[in-house]
Amino acid sequence: MDLVSLPKTDSFRIRVNPEVRRQLEAIYGRNGLTLTDAVNVFFQQSLNAGGFPFSVTDDNTQLVKAKALARLMKELEAGEKDPKTYTEEEVYRRLGVERE
């Protein structure tokens with residue numbers, strides 16, 4: 001059953017970093033999808049696969065960590081050239097991380 005095409009009468013909220021959201025909207029927009037459309041496609045594919053619609057492995061984890069580290073290093077290098085200070089709360093907000 002193709003649940004993605006059924007009427008959508010329920011909703012949920014998700015917190016995401018604004019820059020990540022902007023980048024995702026641009027990526028999916030190039031394919032004619034909204035962010036909501038993309039999430040619904042992910043959900044449908046998860047249902048079809050009975051889990052993640054892609055392999056979740058240590059290799060994937062290492063790739064994600066490597067990309068995050070490369071991004072962090074790039075941002076640190078940029079910060080050395082134009083130093084700014086942020087409060088702890090600003091750091092959490094900018095990184096899109098909820099405090100526990």
Side-chain angles (χ1 to χ4, degrees):
M1 174 185 286
D2 180 15
L3 298 178
V4 171
S5 62
L6 292 175
K8 292 159 188 67
T9 59
D10 199 6
S11 65
F12 79 100
R13 293 175 53 112
I14 181 172
R15 290 189 182 277
V16 63
N17 178 285
E19 179 59 21
V20 170
R21 179 181 180 153
R22 186 193 66 72
Q23 289 178 28
L24 288 171
E25 287 173 334
I27 289 169
Y28 296 127
R30 287 193 296 266
N31 294 298
L33 298 173
T34 65
L35 196 51
T36 298
D37 294 334
V39 169
N40 280 301
V41 168
F42 174 80
F43 288 169
Q44 180 64 56
Q45 290 302 318
S46 296
L47 291 171
N48 294 348
F52 279 101
F54 48 82
S55 179
V56 179
T57 65
D58 287 339
D59 291 340
N60 290 5
T61 302
Q62 294 305 317
L63 178 63
V64 169
K65 286 180 183 176
K67 286 183 177 184
L69 183 57
R71 179 176 168 209
L72 177 61
M73 293 305 295
K74 182 178 177 183
E75 290 177 8
L76 287 172
E77 289 169 3
E80 288 177 352
K81 295 175 185 164
D82 185 19
K84 296 178 184 174
T85 58
Y86 299 96
T87 66
E88 183 177 352
E89 189 60 39
E90 288 174 306
V91 171
Y92 280 104
R93 183 182 50 76
R94 290 174 63 85
L95 293 175
V97 176
E98 287 190 42
R99 297 179 72 168
E100 293 182 11

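Because the structure is predicted, anything quoted here is derived from the model rather than measured.
Residues Q44 and V41 fail the side-chain proximity criterion, which asks for heavy atoms closer than 4.5 Å. The closest side-chain heavy-atom distance from R21 to L24 is not below 4.5 Å. Using a 4.5 Å heavy-atom cutoff, the side chains of F43 and L47 are not in contact.
In this structure, CZ in R22 is found 10.5 Å from CG in N17, a value given to the nearest 0.5 Å.
When the side chains of ILVMFWY residues are joined at heavy-atom separations under 4.5 Å, either directly or via intervening members, V16 and Y92 end up in two distinct hydrophobic clusters. When the side chains of ILVMFWY residues are joined at heavy-atom separations under 4.5 Å, either directly or via intervening members, L35 and F12 end up in two distinct hydrophobic clusters. The cluster map of Ile, Leu, Val, Met, Phe, Trp and Tyr, joined by side-chain heavy atoms under 4.5 Å apart, puts V20 and I27 in the same cluster.
For R30, the side-chain hydrogen bond (donor to acceptor under 3.5 Å, both in side chains) criterion is met by no residue, not counting sequence neighbours. With sequence neighbours left out, S11 forms a side chain to side chain contact (heavy atoms under 4.5 Å, CB included) with no residue at all.
Remark: the backbone N or O of L33 is not paired with any side-chain donor or acceptor of N31 at under 3.5 angstrom. E90 contributes a side-chain N or O that, together with a main-chain N or O of T87, makes up a donor-acceptor pair within less than 3.5 Å.
By the 6.0 Å contact criterion, CZ on F52 is open, its count of non-hydrogen atoms from other residues, nucleotides or ligands being 12 or less.
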Could you list the donor-acceptor pairs under 3.5 angstrom formed by side chains in residues 65-79, with sequence neighbours left out?
residue	atom	partner	partner atom	Å
R71	NE	E75	OE2	3.1

